[in-house]
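All remarks here apply to the structure that follows.
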Amino acid sequence: MINTYANFRDDVLPRIKRLGYNAVQIMAIQEHSYYASFGYHVTNFFAPSSRFGTPDDLKSLIDKAHELGILVLMDIVHSHASNNVLDGLNMFDGTDGHYFHMGSRGQHLVWDSRLFNYGSWEVLRYLLSNARWWLEEYKFDGYRFDGVTSMMYIHHGLQVGFTGNYNEYFGYATDVDAVVYLMLVNDMIHGLYPEAVTIGEDVSGMPTFCIPVQDGGVGFDYRLHMAIADKWIEILKKRDEDWKMGDIVHTLTNRRWMEKCVAYAESHDQALVGDKTIAFWLMDKDMYEFMALDRPSTALIDRGIALHKMIRLITMGLGGEGYLNFMGNEFGHPEWIDFPRGDQRLPNGVVITGNGYSYDKCRRRFDLGDADYLRYRGMQEFDQAMQHVEEKYGFMTSEHTYISRKDEKDRVIVFEKGNLVFVFNFHWNNSYFDYRVGCAKPGKYKIVLDSDDPLFGGFGRLDHNAEYFSFEGWYDDRPRSFMVYAPNRTAVVYALVEDEPKVVNDLELVEIPETVKPAAAEPVKESETDEESEALDS
């Protein structure tokens with residue numbers, strides 16, 4: 001079915017709150033006549049989509065989110081517009097250049113849409129007014145700007161591989177008018193609403209993207225770290241033996257110095273028809289028959305559940321200062337999303353086959369994550385535990401980050417975030433007893449998150465009552481270290497205990513140790529002895 005603002009308010013927002021997320025990014029708000037465009041072919045930029053309910057229903061949704069302490073970010077589309085003439089901006093005055101570039105420059109052949117002329121005074125007025133409207137009238141807390149890479153370059157980023165060379169960003173291929181518009185809209189938003197959040201969907205790595213406008217930057221608060229999801233799909237197509245620890249770490253940390261990023265292992269792009277989610281890449285058709293707890297598992301299911309948890313945690317741990325999840329992926333939702341749609345013919349003659357306007361895959365099976373007789377429940381519980389550990393320790397924004405080990409032979413990654421030590425063993429077979437891991441601070445460490453916990457669908461190979469004491473002596477370029485047991489395909493987070501922790505574990509609550517003191521500020525740095533050491537500033 002097509003859901004409503006009221007349903008989302010009553011059914012989904014409490015779920016988001018319970019899982020521990022503090023913001024929600026809502027797609028497809030702006031009116032769009034073609035439902036299967038996922039909201040990206042906007043026909044009316046100032047109207048909330050009527051298919052989901054009334055404007056007051058949307059306001060009620062946002063009010064409820066604020067009541068729960070959840071920020072509401074709107075997926076705003078200022079990168080292109082529907083080419084519809086009757087109900088859109090196209091040919092509004094009888095010409096093709098009223099809001100858009102004339103001729104071929106005003107057409108996006110891949111998206112089948114029109115491209116704005118950001119050099120036009122009236123276009124700037126229109127889009128800036130639109131950005132203010134949603135914040136002022138509906139009380140959105142900010143925006144995720146869609147398709148920013150397409151906006152900033154005349155080639156729209158199509159069939160272009162960005163290497164980091166500055167000539168790729170500051171040359172004739174850059175649409176200067178579009179970059180100036182992005183500076184204007186960020187300056188206006190932050191000037192009128194200092195607490196508002198702006199996130200830019202840019203895959204190119206444009207320099208100064210997240211530097212304030214007054215300092216010469218484009219002005220976004222965050223950049224979506226889009227390369228991570230592509231890297232995971234690339235890795236999942238390989239054998240376990242071909243996974244490279246250095247490659248994983250490099251992709252997760254490859255961002256400009258002090259540039260805040262929102263990391264994600266997968267998003268709506270991987271959940272839509274034509275692609276596959278990480279869970280589906282890992283477990284495929286076995287998800288249909290072997291996810292019930294009263295039936296024997298398979299090697300594919302055991303591997304998939306273990307790696308699904310590890311991929312999410314290491315993405316959250318190293319990928320950025322924010323973490324994004326697409327609804328349902330927190331418990332490994334099977335299959336995909338497909339909206340009712342007919343055949344579509346693109347301007348280049350390509351025909352995209354429809355699904356006969358079927359509603360069969362137009363859903364999210366939230367009941368799967370809640371069912372205590374299915375393995376999905378453990379995956380969802382782990383996602384909830386991840387969010388609560390981050391809420392307690394704030395490791396994503398910790399100034400102290402140090403990657404001490406990327407062992408290609410052992411398939412182990414070890415890094416520090418604040419007072420936490422993360423240990424990942426990606427080996428498909430080998431578990432390591434008395435495995436030595438480096439640390440910065442002396443003292444006692446205890447487990448605060450364990451992907452192998454039976455609560456999360458694991459095998460319970462670690463004792464959560466065990467205490468780990470550091471000892472002096474340099475190891476992995478760290479002044480101290482302690483010994484751990486690292487079972488295969490597990491991720492374990494150890495916290496420095498400065499006050500005795502109180503731990504409660506059951507299906508509904510994961511309470512973690514008392515707040516620890518923030519670690520001393522230290523630049524992000526990797527082991528200087530590691531041959532594959534990468535500088536984080538590109």
Side-chain angles (χ1 to χ4, degrees), residues 1 3 7-8 11-21 24 229 232-233 236 264-273 275-316 323-338 360-390 449-460 489-491 505-510:
M1 61 178 286
N3 211 353
N7 292 146
F8 192 91
D11 301 336
V12 184
L13 282 178
R15 173 180 300 276
I16 294 169
K17 178 66 175 179
R18 187 176 74 251
L19 287 173
Y21 289 89
V24 57
W232 283 125
I233 298 302
L236 289 172
Y264 58 96
E266 54 186 341
S267 71
H268 64 276
D269 291 325
Q270 287 74 41
L272 297 174
V273 64
D275 209 335
K276 293 200 293 187
T277 62
I278 288 177
F280 223 52
W281 275 109
L282 287 167
M283 295 176 277
D284 206 59
K285 64 179 184 298
D286 276 23
M287 297 183 76
Y288 293 120
E289 298 184 42
F290 300 101
M291 293 300 282
L293 289 171
D294 61 354
R295 298 190 61 179
S297 182
T298 67
L300 198 63
I301 292 293
D302 290 342
R303 171 184 180 269
I305 291 176
L307 289 177
H308 195 273
K309 292 179 287 188
M310 295 179 71
I311 287 171
R312 282 181 284 163
L313 182 57
I314 197 170
T315 299
M316 190 178 190
Y323 177 77
L324 172 71
N325 169 66
F326 182 72
M327 59 177 187
N329 291 349
E330 69 274 6
F331 58 83
H333 195 294
E335 299 185 325
W336 54 89
I337 288 179
D338 193 8
D360 182 50
K361 297 293 188 293
C362 187
R363 82 285 186 268
R364 288 276 90 176
R365 291 286 306 277
F366 287 122
D367 59 303
L368 298 177
D370 295 338
D372 57 9
Y373 54 87
L374 296 177
R375 302 183 200 278
Y376 297 106
R377 176 65 176 267
M379 299 165 75
Q380 178 169 280
E381 291 294 329
F382 180 76
D383 201 272
Q384 177 175 319
M386 278 200 322
Q387 310 309 321
H388 285 88
V389 169
E390 207 293 321
L449 184 61
D450 170 21
S451 70
D452 200 45
D453 191 321
L455 176 65
F456 310 139
F459 295 99
R489 288 188 181 138
T490 59
N505 281 328
D506 61 39
L507 287 177
E508 296 300 331
L509 173 66
V510 179

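Keep in mind that what you see is a predicted model, and the values were worked out from it rather than measured.
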Checking Phe331 now: which residues fulfil ring-ring contact (aromatic ring centres under 6.0 Å, His included) with it, not counting sequence neighbours? His333
Can a donor-acceptor pair be found, under 3.5 Å and without considering hydrogens, that links the side chain of Arg375 to the backbone of Ile305? no
Could you give the distance from CG (Leu313) to CE (Met386), rounded to the nearest 0.5 Å? 6.0 Å
Rounding to 0.5 Å, atoms CD (Glu381) and CG (Leu455) come to a distance of 5.0 Å
Partner set under salt bridge (charged side-chain N to carboxylate O under 4.0 Å, His left out) for Asp284, not counting sequence neighbours: Lys276
For Pro334 against Tyr376, the heavy-atom pair lying closest together: CG-OH, 3.6 Å
Taking only residues two or more places apart in sequence, or in another chain, which ones meet Asp450 in a salt bridge (charged side-chain N to carboxylate O under 4.0 Å, His left out)? none
Report the residues that fulfil side-chain contact (heavy atoms from CB on, under 4.5 Å) with Ala306, sequence neighbours left out, ordered by chain and then residue number. Arg489
What residues form a side chain to side chain donor-acceptor pair (under 3.5 Å) with Tyr323, not counting sequence neighbours? none
Partners meeting ring-ring contact (aromatic ring centres under 6.0 Å, His included) with Tyr264 (sequence neighbours left out): none
Which heavy atom of Ala385 sits nearest a heavy atom of Leu449, and at what distance? CB-CD1, 3.7 Å
Phe456 backbone acceptor or donor facing Lys309 side chain under 3.5 Å: yes
Heavy-atom distance under 4.5 Å between the side chains of Phe459 and Asp453, does that happen here? no
How long is the straight-line distance from CG of Asp383 back to CE of Met379, given to the nearest 0.5 Å? 9.5 Å
Where do Ser267 and Asn329 come nearest, in terms of heavy atoms and distance? O-ND2, 4.3 Å
Contacts of type side chain to side chain donor-acceptor pair (under 3.5 Å), residue Asp286, not counting sequence neighbours: Thr298
Closest contact, heavy atoms only, Gly304 versus Leu282: O-CD1, 3.4 Å
How long is the span from the CZ atom in Arg363 to the CG atom in Asp338, to the nearest 0.5 Å? 10.0 Å
Just to verify, what does Arg364 make a salt bridge (charged side-chain N to carboxylate O under 4.0 Å, His left out) with, not counting sequence neighbours? none
What's the separation between atom CG in Asn325 and atom CG in Leu19, rounded to the nearest 0.5 Å? 8.0 Å
Asp367: partners by salt bridge (charged side-chain N to carboxylate O under 4.0 Å, His left out), with sequence neighbours left out: Arg365
Under the criterion side-chain contact (heavy atoms from CB on, under 4.5 Å), I'd like the reasoning laid out for Leu236 against Leu307: C-alpha separation, chi angles, the key distance, then a yes or no. CA-CA 10 Å; Leu236 289 172; Leu307 289 177; 5.6 Å; no
With Tyr21, the side chain to side chain donor-acceptor pair (under 3.5 Å) member among Arg15, Gln387, Gln384: Gln387
Which pair of heavy atoms, one from Ala371 and one from Arg377, lies closest together, and at what distance? O-CB, 3.3 Å
Going through the checks in order, is the side-chain contact (heavy atoms from CB on, under 4.5 Å) test met by Phe280 and Trp336? CA-CA 9 Å; Phe280 223 52; Trp336 54 89; 4.2 Å; yes
Contacts of Ser451 that satisfy side chain to side chain donor-acceptor pair (under 3.5 Å) - sequence neighbours left out: none
All N/O donor-acceptor pairs, side-chain side in residues 287-297, below 3.5 Å, sequence neighbours left out:
from   : atom 1 : to     : atom 2 : distance (Å)
Tyr288 : OH     : Glu335 : OE2    : 2.7
Arg295 : NH1    : Glu289 : O      : 3.2
Ser297 : OG     : Asp302 : OD1    : 2.8

Contacts of type side chain to side chain donor-acceptor pair (under 3.5 Å), residue Asn7, not counting sequence neighbours: Thr4
Test side-chain contact (heavy atoms from CB on, under 4.5 Å) on Met327 and Val12; report intermediate values, then the result. CA-CA 9 Å; Met327 59 177 187; Val12 184; 5.7 Å; no
Hey, could you give me the NE2/OG1 distance between His268 and Thr277, rounded to the nearest 0.5 Å? 14.5 Å
Using only heavy-atom distances, determine whether the side chains of Gln380 and Asp370 contain a donor-acceptor pair under 3.5 Å. yes
